[in-house]
Amino acid sequence: METKRNSFTSKIGFVFAAAGSAVGLGNLWRFPYLAAKYGGGIFLLTYIILAVTFGFTLMVAEIAIGRKTGKSAIEAYGQLNNKWGFIGKMTAIVPMIILPYYCVIGGWVTKYFSVYLLGNGSVAAGDTYFGDFISKPVEPIIWLLVYIAATAIIVMLGVEKGIEKFSKILMPVLVVLSVGIAIYTITLDGATEGVKYYFMPDFSKFSVMTVLGALGQLFYSMSIAMGIMITYGSYMPKEANIEKSVHQIELFDTGIAMVAGLMIVPSVFVFTGGDEAKLQAGAGLMFEMLPKIFDSMPFGSIIGFVFFLLVFFAALTSSISLMETVVSILRDKFNIPRIRTCLVVLVGCIILALPSSLGYGHWDGVKILGLSILDFFDFLSNSVIMPIVAFLTCIFVGFIVKPSVITNEVKLAGKFKQEKFFTVMIKYIAPFCILAILISSVLNGLGIIKI
């Protein structure tokens with residue numbers, strides 16, 4: 001049996017891998033359509049404030065818990081306090097819920113990448129192309145299987161051979177491609193109004209839903225409250241500076257999200273003149289609008305190919321970290337070899353992903369709380385379980401094991417400059433606000449109140 005836990009070979013390897021987890025479909029698919037839906041600039045401002053407060057606090061806590069214990073989430077909490085080990089079990093549920101439906105969307109991205117690879121981008125610009133594709137019973141499942149297989153192969157290679165080396169190559173390319181496409185987009189006729197909408201806060205558009213959307217996006221995008229950062233923390237070298245690493249990860253995450261918004265939100269204004277219905281289009285915004293923009297551009301097929309290559313890579317880094325987290329949990333619990341564990345997770349993921357895919361086809365009449373199967377799993381994970389895990393983590397760190405357990409771990413690599421801020425946030429501000437937002441989110445999702 002294996003007894004030595006894999007670890008990252010360098011400080012920068014940890015940052016790239018963790019940033020690779022944070023930068024994914026949450027940034028490139030989910031963030032832009034939420035920004036468009038909830039008022040552009042006011043959503044962006046709200047998200048940034050939450051990222052540097054809630055995001056910083058929770059990510060520091062989770063990475064420190066992982067590094068201190070050397071365990072994945074399912075065992076880390078219990079090692080610090082046996083009575084509170086149930087938080088780890090709740091945390092372990094999150095990636096198990098997200099990974100299958102995430103891979104469904106990853107399959108959509110893979111399909112679009114293949115379309116542009118074969119030079120058929122004009123076909124994807126059709127008004128009904130996306131809807132026709134996701135409603136088919138077989139083809140979306142084929143692309144789902146391709147995507148899951150790619151994820152599993154990389155995870156099977158292990159942390160050093162797979163995730164770390166892959167992320168070191170990917171992250172600089174990801175940044176360069178994102179900036180290049182965003183610059184191209186904002187130079188198009190009509191993009192100026194879209195840029196204003198995206199960057200200039202309109203406080204008349206601010207609502208509780210703006211905060212709910214931004215906080216849910218924060219959890220999803222920065223891989224918080226789902227065990228991923230605890231898992232990566234368990235691989236982190238003791239000499240690495242947690243505070244500095246968190247700032248670097250936040251910079252990657254928020255930067256890529258902002259750039260993704262510049263690719264997509266102004267394109268709505270370019271193509272439709274800022275049609276309110278299109279701004280409210282939701283999850284299909286990226287897939288419906290951008291192919292039309294690419295089709296109207298010189299060298300649009302090339303630009304579309306590069307864009308969906310970028311999205312494919314970004315999605316893959318996040319699904320790798322989700323699967324790695326599940327694999328790590330099962331290996332810590334049952335002490336079975338990595339390859340065998342990966343195969344078990346692969347089969348389980350396929351079985352659980354099928355309903356989310358079929359929910360847009362043969363099972364489109366199946367609704368849970370009025371939501372499609374995929375949307376229900378997204379609501380359950382992001383609006384219910386993750387806020388509960390985040391709230392319990394704040395109580396656990398703030399009042400059970402005490403903030404000093406975290407701050408002392410952070411200070412192993414140097415001074416913790418924001419120690420006082422962290423302590424106040426984790427004990428008082430974060431748990432109160434998260435609980436209030438959680439209650440509002442659940443009541444809104446259940447239709448008891450409308451926000």
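Hydrogens, waters and symmetry mates play no part in the numbers below; they use all other heavy atoms, side chains included.
In this structure N120 satisfies the side-chain hydrogen bond (donor to acceptor under 3.5 Å, both in side chains) test with no other residue, sequence neighbours excluded. In this structure I339 satisfies the side-chain contact (heavy atoms from CB on, under 4.5 Å) test together with M156, L343, sequence neighbours excluded. For T53, there are no side-chain hydrogen bond (donor to acceptor under 3.5 Å, both in side chains) partners two or more places apart in sequence or in a different chain. Remark: E75 engages K71, D332 in a side-chain contact (heavy atoms from CB on, under 4.5 Å) (not counting sequence neighbours). Here T187 pairs with nothing under the side-chain hydrogen bond (donor to acceptor under 3.5 Å, both in side chains) rule; sequence neighbours left out.
For the pair L309/V109, no side-chain contact is recorded, criterion being any heavy-atom separation below 4.5 Å from C-beta on. Side-chain contact between K196 and E193 is present, with heavy atoms from C-beta onward closer than 4.5 Å. With contacts defined as side-chain heavy-atom distances shorter than 4.5 Å, the pair I105/L374 qualifies. Residues I264 and M289 have side chains not in contact (no heavy-atom distance under 4.5 Å, counting atoms from C-beta outward). M90 places a side-chain heavy atom less than 4.5 Å from the side chain of I388. At a threshold of 4.5 Å between non-hydrogen side-chain atoms, the residues L262 and T185 do not count as touching. Using a 4.5 Å heavy-atom threshold, the side chains of I224 and M386 count as separate. Side-chain contact between F56 and M222: absent, with no pair of heavy atoms (C-beta onward) separated by less than 4.5 Å.
The backbone N or O of F219 lies less than 3.5 Å from no partner atom in the side chain of N382, so there is not a single donor-acceptor pair. The backbone N or O of T91 lies less than 3.5 Å from no partner atom in the side chain of Y77, so there is not a single donor-acceptor pair.
Across every non-hydrogen atom of T254 and A51, the tightest pair is OG1-CB, 4.2 Å. The minimum heavy-atom distance linking T57 with I426 is given by the pair CG2-CD1, 3.5 Å. Across all their heavy atoms, I65 and A76 have their closest contact at CG2-CB, 3.7 Å. Contact record, F391 with P431: CD1-O, 3.3 Å, taken as the closest heavy-atom pair. Taking each heavy atom of P100 and A353 in turn, the nearest pair found is O-CB, 3.4 Å. Residue C394 comes nearest to L58 through the heavy atom pair SG-CD2, 3.8 Å, listed as atom of the first residue, atom of the second, then distance.
The structure places OG1 of T46 at 11.0 Å from CG of L215, a figure rounded to the nearest 0.5 Å. One finds the OG atom of S301 at 11.0 Å from the CZ atom of F299 (value rounded to the nearest 0.5 Å). Separation of atoms CG (L290) and CD1 (I181) is listed at 9.0 Å; rounding is to 0.5 Å. Atom-to-atom distance recorded for S372:OG and F377:CZ is 10.0 Å, nearest 0.5 angstrom. Taking CD1 from I434 and CD1 from I439, the interatomic distance works out to 12.0 Å, rounded to the nearest 0.5 Å. A distance of 11.5 Å separates CD1 of I154 from SG of C342, quoted to the nearest 0.5 Å.
Using cut-offs of 30° and 60° for the angle between ring planes, the F43 and Y47 rings count as parallel. Ring-plane geometry between F287 and W108 is classed as perpendicular, the angle between the planes exceeding 60 degrees on a 0 to 90 degree scale with a lower cut at 30.
A salt bridge is absent between E62 and R67; no separation between the charged side-chain nitrogens and carboxylate oxygens falls under 4.0 Å.
Sequence neighbours left out, not one pair with a member in residues 261-275 passes side chain to side chain donor-acceptor pair (under 3.5 Å). Counting only residues at least two apart or in different chains, ring pair (Phe, Tyr, Trp, His ring centres under 6.0 Å) contacts with residues 172-215 comprise Y197-F269. Here salt bridge (charged side-chain N to carboxylate O under 4.0 Å, His left out) pairs that include residues 204-221, with residues two or more places apart or in two chains, number zero. Under the side chain to side chain donor-acceptor pair (under 3.5 Å) criterion, the residue pairs touching residues 283-292 are D127-K292, with sequence neighbours excluded. Residue pairs satisfying the side chain to side chain donor-acceptor pair (under 3.5 Å) criterion with at least one member in residues 355-369, sequence neighbours excluded, are absent.
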Q. What do the steps show when you test V345 against L99 for side-chain contact (heavy atoms from CB on, under 4.5 Å), and what is the final call?
A. CA-CA 10 Å; V345 172; L99 179 60; 4.3 Å; yes
Q: Please report the C-alpha distance between L322 and Y102 in whole Å, then the side-chain angles of each, then the deciding distance to 0.1 Å, and finally whether the side-chain contact (heavy atoms from CB on, under 4.5 Å) criterion is met.
A: CA-CA 9 Å; L322 284 166; Y102 193 99; 4.1 Å; yes
(Q) One pair to check against side-chain contact (heavy atoms from CB on, under 4.5 Å): H247 and E250. What are the steps and the verdict? (A) CA-CA 5 Å; H247 286 313; E250 284 186 313; 3.8 Å; yes
Q: Test Y220 against S381 for side chain to side chain donor-acceptor pair (under 3.5 Å), laying out the working first.
A: CA-CA 9 Å; Y220 190 98; S381 57; over 6 Å; no
Q.
Is there a side-chain contact (heavy atoms from CB on, under 4.5 Å) between M226 and M96? Walk through the geometry before answering.
A. CA-CA 9 Å; M226 60 176 76; M96 294 178 184; over 6 Å; no
Q: Using the salt bridge (charged side-chain N to carboxylate O under 4.0 Å, His left out) rule, take R338 and E324 through it: C-alpha gap first, then chi angles, then the decisive distance, then the call.
A: CA-CA 10 Å; R338 169 176 281 271; E324 170 63 29; 3.1 Å; yes
Distance-only donor-acceptor hits, side chain of residues 130-150, under 3.5 Å, sequence neighbours excluded:
| from | atom 1 | to | atom 2 | distance (Å) |
| --- | --- | --- | --- | --- |
| D132 | OD2 | T128 | OG1 | 3.0 |
| S135 | OG | G131 | O | 3.0 |
| S135 | OG | D132 | O | 3.0 |
| K136 | NZ | E139 | OE1 | 3.2 |
| E139 | OE2 | K111 | NZ | 2.6 |
| E139 | OE2 | W143 | NE1 | 3.4 |
| Y147 | OH | A315 | O | 2.8 |
| Y147 | OH | L316 | N | 3.3 |
| Y147 | OH | S319 | OG | 2.9 |

Which side-chain N or O atoms in residues 28-42 pair as donor and acceptor under 3.5 Å with protein atoms at least two apart or in another chain?
| from | atom 1 | to | atom 2 | distance (Å) |
| --- | --- | --- | --- | --- |
| W29 | NE1 | A283 | O | 2.8 |
| R30 | NH1 | Q217 | OE1 | 3.2 |
| R30 | NH2 | D378 | OD2 | 3.2 |

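For the pairing with F305, the ring-ring contact (aromatic ring centres under 6.0 Å, His included) check across F113, Y112, F312, F294 returns one residue only, F113.
Other residues, nucleotides and ligands contribute at most 12 non-hydrogen atoms within 6.0 Å of the CZ atom of F432.
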